[in-house]
Amino acid sequence: MVDYCKINLENTINSGQVFLWKQIQNNWFGVNGQDVLRITDSGKIKSYAKQKIDFLREKDNLEEILRMISKDKTTRQAVKKYLGMRLLRQDPFQCLISFITSSNSNIQKIKSSLEKMSKKFGVKVKFDNQEFFLFPKPEKLANASINEIKSCGVGYRARFIKEAANRTVLEKINFEYLKKSNYQNAKEEICLIPGVGNKVADCVLLFSLNKLESFPLDRWMIRILEKYYSDKFQLETKTITEKQYGILHEKIVNHFGPYAGYSQQFLFKMERENYQKKWL
DNA sequence: GGTGAACCTCTATG
DNA sequence: ACATAGAGGTTCA
């Protein structure tokens, strides 16, 4: 087995993609929508709901992708160091709510809010002799009051969460349609949801809707671009406006190619680890 | 079209 | 103890 084939689950889970995962002995357990997954260190998945989903994106041609995104010294280094890290294919609704919750927040707080939300609005299940709370169904959050949602510690984001859930129920957002649609179109659609801007949209597109050219630009990525790519991606304004975000994204895809999202994940992981941030 | 402020909440820092 | 800054952003004026 060539080493790029071997997954590093810990690095994968702790790379800012998912928030409701924990390690129990040699297994990782995580809530994924209306399902709970158990993954062994070697990457074998057991699904509570007996779903067959390619959660670890095992059908991606990693050899080709890693070769294609290794366009410069920085990415080559990041890819080499975190070779076993993968992008995950998450439940779209959970992913959407997670990243609406993430805005102007931090990992610990996002985790705590999502755990509270699952506990309050999700169904309790038993899997492998452990208790889990599934992620709330869209109807449940759509019917909840703003104050009930606020009690999960999400603050002003509560109304965004309710509205996103509501639009999902009413099929104003249709994830299956967005999966089939192209990047630009899917992004425009998803940005119509209040609380969803460029960054949150790109996270949802990359982590749950298979848009591998998404390249979420948050504070960290901007910092990384300034540090390693100041020659390639000159920032034209002080703050990243809607227009600048688009221009920057185009330059990024021109440089990294159609799998730019993978490069983002490696760069992000490397920089975070360099700063030795606690993920918890 | 770009800028700056406000926004919930929690934590780290002084 | 208390104030202030900052955090995987977005919206509004």
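Just so we're on the same page: letters track the sequence lines, and every chain starts at 1.
Between A:R159 atom CZ and B:dA6 atom C1' there is a gap of 12 Å when expressed in whole angstrom units. Remark: P of C:dT11 and CG of A:N198 are 10 Å apart, rounded to the nearest angstrom. One atom, CZ of A:F99, and another, P of C:dT10, lie 12 Å apart when rounded to the nearest Å. Counting to the nearest Å, the P atom of C:dG9 and the CD1 atom of A:I222 are 11 Å from each other. Taking atom CD of residue A:E271 and atom C1' of nucleotide C:dA7, one finds them 16 Å apart after rounding to whole Å. For the pair A:I110 CD1 and C:dG9 P, the interatomic distance rounds to 8 Å; values are reported in whole Å. Regarding A:L96, its CG atom lies at a distance of 14 Å from the C1' atom of C:dT10, rounded to whole Å. Nucleotide B:dG1 holds its P atom 10 Å from the CD atom of A:E242, rounded to whole Å.
Using P as the reference atom, B:dC8 and C:dA13 are 14 Å apart when rounded to the nearest Å. Taking the P atom of each, C:dG9 and B:dG1 are spaced 25 Å apart, rounded to whole Å.
Side-chain polar atoms of A:E189 and A:S181 form no donor-acceptor pair below 3.5 angstrom. Between the side chains of A:R57 and A:N210, at least one donor N or O sits under 3.5 Å from an acceptor N or O. One side chain, A:S47 or A:D35, offers a donor N or O that lies under 3.5 Å from an acceptor on the other. In this model, a donor atom of one side chain and an acceptor atom of the other lie less than 3.5 Å apart for A:D72 and A:H255. A donor-acceptor contact closer than 3.5 angstrom is absent between the side chains of A:D60 and A:Y259. For the residue pair A:N198/A:K187, the side-chain donor-acceptor check at 3.5 Å is satisfied.
The ring of A:F207 has its center closer than 6.0 angstrom to the ring center of A:F99.
A:K199 comes within contact range of at least one nucleobase, with a heavy-atom separation under 4.0 Å. Contact annotation for A:P194: backbone-only contact, meaning every heavy-atom pair under 4.0 Å involves sugar-phosphate atoms and none involves a base.
Between A:R223 and the phosphate of C:dA7, there is a side-chain N or O to OP1/OP2 separation shorter than 4.0 Å. Taking side-chain N and O atoms only, A:T241 has no distance below 4.0 Å to OP1 or OP2 of B:dG1.
Side-chain N or O atoms of A:Q17 include one that pairs as donor or acceptor with a backbone N or O of A:L88 at under 3.5 Å. Of the possible polar contacts, none joining the A:K179 side chain to the A:L209 backbone as a donor-acceptor pair under 3.5 Å is found. No donor-acceptor pair closer than 3.5 Å links the side chain of A:R167 to the backbone N or O of A:A164.
Both A:S102 and A:G195 sit near DNA chain C, but only A:S102 has its closest nucleotide nearer the 5' end. Nucleotides of DNA chain C nearest to A:F207 and A:I193 differ in position, and the one nearer the 5' end is that of A:F207.
Comparing C:dT10, B:dG2, C:dT11 by their closest approach to the side chain of A:Q244 singles out B:dG2.
Helical stems in DNA chain C, defined as runs of 3 or more consecutive Watson-Crick or G-U wobble pairs with donor-acceptor distances under 3.5 Å: B:3-7 with C:9-13, B:9-14 with C:2-7.
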Look for any protein N or O under 3.5 Å of an N or O in nucleotides 9-14 of chain B and output each such pair with its distance, or none.
none

